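Remarks on the structure that follows.
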2 protein chains.
Amino acid sequence: MRIGELAARVGLTRDALRFYEQVGILTSERRANGYREYPPEAVPWLEYVRTAQALGFSLAEIADHGEELSEAPDQAEALSALFADKIRVIDTRMAELAALRAELTARAGTECPLRKTPGSARRRV
Amino acid sequence: MRIGELAARVGLTRDALRFYEQVGILTSERRANGYREYPPEAVPWLEYVRTAQALGFSLAEIADHGEELSEAPDQAEALSALFADKIRVIDTRMAELAALRAELTARAGTECPLRKTPGSARRRV
DNA sequence: CTAAACAGTGGAGTGCGGTCCAAGGTCAAG
DNA sequence: CTTGACCTTGGACCGCACTCCACTGTTTAG
């Protein structure tokens with residue numbers, strides 16, 4: 001499919017997709033006329049990218065993962081390893097969040113940690 | 001305490017603290033000589049700021065929360081509400097992570113979602 | 001008295017993750 | 001053969017969250 005359709009399907013702009021290609025997250029074939037051509041798998045991949053991003057991974061990290069993946073001798077194995085890695089990261093993140101939650105629960109009902117701000121700057125913050 | 005000590009205590013740079021003041025996250029008194037003076041409560045507040053940031057809140061949002069807080073009729077109640085809100089955010093994040101984890105677990109062993117990149121650009125990704 | 005270690009200011013620069021734009025090429029429909 | 005929708009490129013620009021810098025003022029120790 002061409003870039004416009006892919007953009008529409010995943011809810012990104014064409015500019016964003018070209019940018020992703022620049023930073024190595026997305027690849028494309030080229031038609032004879034120079035147009036980018038994407039395989040259907042680009043859709044789940046971009047959904048995955050979005051998810052990873054939401055989890056706090058930078059585009060650079062996502063690109064690295066993708067590269068590791070495409071360079072691995074055994075792709076299926078590499079992919080499984082990558083996923084296993086991410087699952088570990090997720091577990092860590094979840095533990096952090098749980099700790100945070102506990103801290104907040106404990107603090108709710110405590111003194112205000114912010115000093116009173118009588119005439120605090122009301123810029124477009 | 002002065003800015004250098006606060007910076008050391010919370011692990012931020014003095015520049016960052018001045019920047020936080022600019023965007024309305026932090027306030028300070030001034031000594032006669034112009035030096036900023038911070039109360040001890042600034043430490044837990046900044047820890048809280050960091051936490052909120054880790055949860056994906058922008059500094060602008062955090063500043064807004066801080067303002068709401070300092071303007072609330074009942075500060076203790078407002079603070080509890082704020083914490084309760086963040087706990088809900090945490091719960092949502094955790095659920096997302098759990099979902100992603102399940103997805104990754106399911107996908108591990110599946111086809112690679114990234115197209116092969118024969119000579120992909122090796123910029124400093 | 002001087003030097004070092006702090007503090008202040010304004011402004012420029014950085015890295016990330018895009019977005020916007022101008023100038024132009026391609027292609028299908030009428 | 002023109003119109004309009006789509007595509008190409010490069011480069012400028014944006015908001016966020018800092019970070020660095022130059023230059024100046026203050027305080028403290030020797």
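Proteins come first, then strands; the chains are lettered A, B, ... in the order of their sequence lines, and each starts at number 1. Quantities reported herein were computed from a predicted structural model and do not represent experimental measurements.
One interatomic measurement links the two molecules: CD1 of A/I62 to P of C/dG17, which rounds to 8 Å at whole-angstrom precision. Rounded to a whole Å, the CZ atom of B/R31 is 11 Å from the C1' atom of D/dT26. Counting to the nearest Å, the C1' atom of C/dA7 and the CD atom of B/E5 are 14 Å from each other. Rounded to an integer number of Å, the gap from B/Q22 CD to D/dT19 P is 14 Å. Rounded to whole Å, atom P of C/dC6 lies 8 Å from atom CZ of B/R14. Per the geometry, CG belonging to B/L12 stands 13 Å off P belonging to D/dC20, to the nearest Å. At whole-Å resolution of the value, CG in B/L17 and C1' in C/dT9 are 16 Å apart. Look at CG on B/D15: it is 8 Å from P on D/dT19, rounded to the nearest Å.
Over its full length, the helix from C/dC1-D/dG30 to C/dG30-D/dC1 turns its helical axis through 10°, comparing axes from the five pairs at each end and rounding to 10°.
Residues B/L17 and B/L46 are in side-chain contact: their nearest non-hydrogen atoms beyond the backbone lie under 4.5 Å apart. Between B/I3 and B/Y35, every side-chain heavy-atom pair lies at or beyond the 4.5 Å cut-off. Looking at heavy atoms from C-beta onward, B/V49 lies out of side-chain contact with B/F57 at the 4.5 angstrom threshold. Taking 4.5 Å as the limit, every side-chain heavy atom of B/R36 sits out of range of all side-chain heavy atoms of B/E29.
Taking 4.0 angstrom as the limit, A/R18 places none of its side-chain polar atoms (N or O) nearer than this to OP1 or OP2 of D/dT9. Within the structure, every side-chain polar atom (N or O) of B/R2 is placed at least 4.0 Å from both OP1 and OP2 of C/dC6. The phosphate of C/dT19 (OP1 or OP2) has a side-chain N or O of A/T13 nearer than 4.0 angstrom. Residue A/Y20 has a polar side-chain atom (N or O) positioned under 4.0 Å from OP1 or OP2 of C/dG18. In terms of phosphate contacts, A/N33 brings no side-chain nitrogen or oxygen within less than 4.0 Å of OP1 or OP2 of C/dG25. In terms of phosphate contacts, A/R36 brings no side-chain nitrogen or oxygen within less than 4.0 Å of OP1 or OP2 of D/dC7.
For B/R30, the side-chain atoms get nearest to C/dG8 when compared with the rest of D/dT8, D/dC18, C/dG8. Nearest to the side-chain atoms of B/Y35 among the listed nucleotides D/dT8, D/dT19, C/dA7 stands C/dA7.
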Next item on the list: Starting from the C-alpha separation in whole Å, work towards a yes-or-no answer on side chain to side chain contact (heavy atoms under 4.5 Å, CB included) for B/F19 and B/T13.
Entry: CA-CA 10 Å; B/F19 174 72; B/T13 63; over 6 Å; no

Next item on the list: List the steps, then state whether side chain to side chain contact (heavy atoms under 4.5 Å, CB included) holds for B/W45 with B/I25.
Entry: CA-CA 9 Å; B/W45 168 244; B/I25 272 184; 4.1 Å; yes

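Exactly one residue among B/R18, B/E21, B/R2 makes a side-chain contact (heavy atoms from CB on, under 4.5 Å) with B/S28. That residue is B/E21.
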